[in-house]
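Some notes on the structure that comes next.
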Amino acid sequence: MIDPVTTEIIRCALLQAAEDMNTTLIRSSYTPVIYEAKDCAVALLDRDHNVLGQSSGLPIFLGNLEVCTRETERLYGREVWQEGDVWVLNDSYIGGTHLNDVTVYGPIFAGGELAGFAASRAHWLDVGSKDPGGSMDSTSIFQEGLRLGPVKVYAGGEPCRDLHEVISRNVRFPHATLGDLRAQVSCAMTGQRRLKEIVGRWGLETVLAARDEIFAQTERMERAAIAAIPDGVYEASGFLDNDGIDLATPLPVNVTVTVSGESVHVDLTDCADQALGPVNCGAAQAVAAVRVGYKLLVSGGVPLNGGSFRPLSVETRPGSMLAAESPAACQYYYSHLGLLIDLVVKALAEAMPDKAAAASYGDSMIVQFTGTDPRTGKLYVSQEATVGGWGAWEGGDGESCLINNVNGSLRDMPIEVLETLFPVRVTRYEIRPDTGGAGRWRGGNGVVREYEFRGDTSLSLWFERSVTPAWGLAGGLAGAPRASRSTRGPPRSGRCSRPTRCPCGRGTCCAASRAVAAATGRPACAHRRRRRPTSPRA
């Protein structure tokens with residue numbers, strides 16, 4: 001037995017260690033997608049690959065980093081872990097995400113004994129895909145960049161020069177990429193120091209006893225929350241309009257949640273086969289998305305640890321869109337995962353109306369532009385997520401101007417950073433006018449953002465409607481329909497901001513189209529967007 005005071009002190013020390021790791025990563029990184037947008041997450045793990053502490057970071061990586069250390073140990077055995085080694089991995093079918101999300105991790109030894117692991121995942125600006133930054137029309141993983149299985153990037157505390165050279169020769173921005181790699185290595189080293197300090201102060205036996213108690217407490221709280229949910233089978237369905245390549249085929253996502261006593265089972269086998277376009281993900285990421293929806297309802301106020309999700313099981317189908325296999329393209333894996341999170345909440349909305357909220361606005365909808373900077377003559381790539389509205393809940397209307405629940409910790413790029421680093425000027429940035437909602441249950445609003453470009457610029461835009469009404473009317477969420485339509489999916493669009501008459505007189509265009517026309521010299525009507533029917537998720 002361990003006393004509760006010591007347990008709580010060690011709990012807070014482990015959580016703070018993870019936050020210190022995250023701070024090191026953000027302050028040391030080279031690219032704004034990490035140090036401004038915060039597209040990263042870190043975790044401190046025990047020697048059995050269970051989470052001791054995970055910092056505030058992307059919810060979509062919830063309890064997902066340990067997959068990388070487990071797979072490395074499965075491939076090479078327990079004896080592979082050596083002090084001073086650091087590993088790197090970005091394989092989409094292991095980590096679950098796209099190749100730009102790179103996981104860096106290393107073992108932690110205390111007193112010559114393996115005590116745990118430090119891990120981080122961060123979005124690298126470019127990994128050598130066929131298009132700068134990433135390809136939205138890829139149909140194979142081999143078009144999406146350098147793919148690394150578990151491999152050492154540091155050995156015995158020294159960099160593996162050969163792997164650094166391989167990375168440098170396969171990316172468009174080697175200086176920034178290797179800088180971000182070193183930031184993640186520094187993050188791992190910070191985690192190593194912090195866990196050694198904790199073990200040195202209390203001793204490994206006491207730390208392990210505190211860990212067991214923390215995990216047990218979390219499991220008891222989750223099982224108690226699940227026991228309060230009426231037993232039964234709950235379902236929800238949605239779909240992507242298409243995969244961005246085959247525009248005629250919708251991709252269904254069906255979720256079946258079975259609540260039995262103190263356990264929850266989520267069945268994802270009834271979803272589309274892996275798609276031709278890049279909207280697939282590895283099974284590990286589908287499990288992480290389910291965990292986000294589960295945690296929103298069951299244990300939102302409890303910090304993540306190895307006791308989390310013990311009452312939860314998730315079933316996927318190999319070869320499906322949610323458990324893709326090689327050579328499926330995975331570049332735009334966010335869309336169906338955000339839908340999946342919303343569907344988990346929606347399935348349980350009737351059983352938990354006081355905790356369920358309506359869907360977020362759909363997707364983070366990336367804005368990416370690339371070209372030659374006239375100030376330097378060099379290639380550049382900028383990426384940022386757009387913001388939109390979140391759906392209402394029992395206590396009030398939805399919030400405005402937030403990143404969607406897939407990437408809930410991301411930040412919109414500050415205008416000052418955008419205009420300083422890239423040849424672009426933001427000419428308009430304001431909250432989109434209220435377009436109304438469903439009764440008193442309505443979603444929040446997004447923003448309108450317009451750009452003015454200089455130099456040789458190629459622009460990619462993926463926008464959609466920014467207002468999400470809740471499912472029900474004044475009667476509340478319990479009246480939510482069983483089926484919904486998702487407006488997710490790359491590359492497609494919804495209603496344009498401020499549509500006006502094209503100069504050619506043959507149709508309408510939007511502010512984004514006019515910006516593209518100004519940058520490329522092509523007629524604005526060439527970028528005209530068709531309006532689509534509204535839907536419960538539009």
Is it true that the side chains of [X] and [Y] contain a donor and an acceptor less than 3.5 Å apart?
X: R11; Y: N305; answer: no
X: Y332; Y: N280; answer: no
X: Q331; Y: E144; answer: no
X: W124; Y: Q184; answer: yes
X: Q143; Y: S135; answer: no

Drop me the distance from [X]'s [atom1] to [Y]'s [atom2], to the nearest 0.5 angstrom.
X: D246; Y: L251; atom1: CG; atom2: CG; value: 8.0 Å
X: L125; Y: N100; atom1: CG; atom2: CG; value: 8.0 Å
X: F422; Y: F369; atom1: CZ; atom2: CZ; value: 6.5 Å
X: Q54; Y: L65; atom1: CD; atom2: CG; value: 5.5 Å
X: E83; Y: Q192; atom1: CD; atom2: CD; value: 7.5 Å

Okay, side chain of [X], backbone of [Y]: is any donor-acceptor separation there less than 3.5 Å?
X: S29; Y: I26; value: yes
X: D243; Y: V279; value: no
X: E325; Y: Q274; value: no
X: T218; Y: I214; value: yes
X: D46; Y: H49; value: yes
X: S138; Y: S140; value: no
X: T372; Y: G377; value: no
X: E452; Y: V426; value: no
X: T23; Y: E19; value: yes
X: N50; Y: G306; value: no

Report yes if some heavy atom in the side chain of [X] is under 4.5 Å from a heavy atom in the side chain of [Y]; otherwise report no.
X: S326; Y: R147; value: yes
X: W87; Y: T103; value: no
X: N64; Y: Q285; value: yes
X: V367; Y: Q383; value: no
X: T206; Y: I10; value: yes

Please evaluate residues Y76 and W81 with respect to the criterion ring-ring contact (aromatic ring centres under 6.0 Å, His included), reporting the C-alpha separation (whole Å), side-chain torsions for both, the decisive distance (0.1 Å), and the verdict.
CA-CA 9 Å; Y76 300 111; W81 305 117; 8.9 Å; no
[X] and [Y] ion-paired at < 4.0 Å:
X: E165; Y: R161; value: no
X: R74; Y: E71; value: yes
X: E430; Y: R428; value: yes
X: K130; Y: D137; value: yes
X: D48; Y: R211; value: yes
X: R121; Y: D101; value: no
X: D20; Y: R194; value: yes

Could you go through the side chain to side chain donor-acceptor pair (under 3.5 Å) check for T72 and Y105 one step at a time?
CA-CA 10 Å; T72 303; Y105 51 98; 2.6 Å; yes
Looking at [X] and [Y], what are the two nearest heavy atoms and their distance?
X: D126; Y: G133; result: OD1-N, 2.9 Å
X: T69; Y: L45; result: OG1-CD1, 3.7 Å
X: L340; Y: A286; result: CD2-O, 3.8 Å
X: Y333; Y: F61; result: OH-CE2, 3.8 Å
X: V290; Y: L268; result: CG2-CD1, 3.7 Å
X: G156; Y: D85; result: N-OD1, 2.8 Å

One pair to check against side chain to side chain contact (heavy atoms under 4.5 Å, CB included): L99 and I141. What are the steps and the verdict?
CA-CA 9 Å; L99 298 182; I141 193 72; 4.1 Å; yes
Using the side chain to side chain contact (heavy atoms under 4.5 Å, CB included) rule, take L89 and V104 through it: C-alpha gap first, then chi angles, then the decisive distance, then the call.
CA-CA 7 Å; L89 181 152; V104 175; over 6 Å; no
Test side chain to side chain contact (heavy atoms under 4.5 Å, CB included), reference K295, set I341, V302, V344, output is V302
Test R425 against E416 for salt bridge (charged side-chain N to carboxylate O under 4.0 Å, His left out), laying out the working first.
CA-CA 9 Å; R425 183 176 298 278; E416 296 83 358; over 6 Å; no
Apply side chain to side chain contact (heavy atoms under 4.5 Å, CB included) to residues V253 and M321 and explain how you reach the verdict.
CA-CA 9 Å; V253 177; M321 183 173 64; 3.6 Å; yes
Where do Y294 and V314 land on the side chain to side chain contact (heavy atoms under 4.5 Å, CB included) test, with the steps shown first?
CA-CA 11 Å; Y294 166 90; V314 182; over 6 Å; no
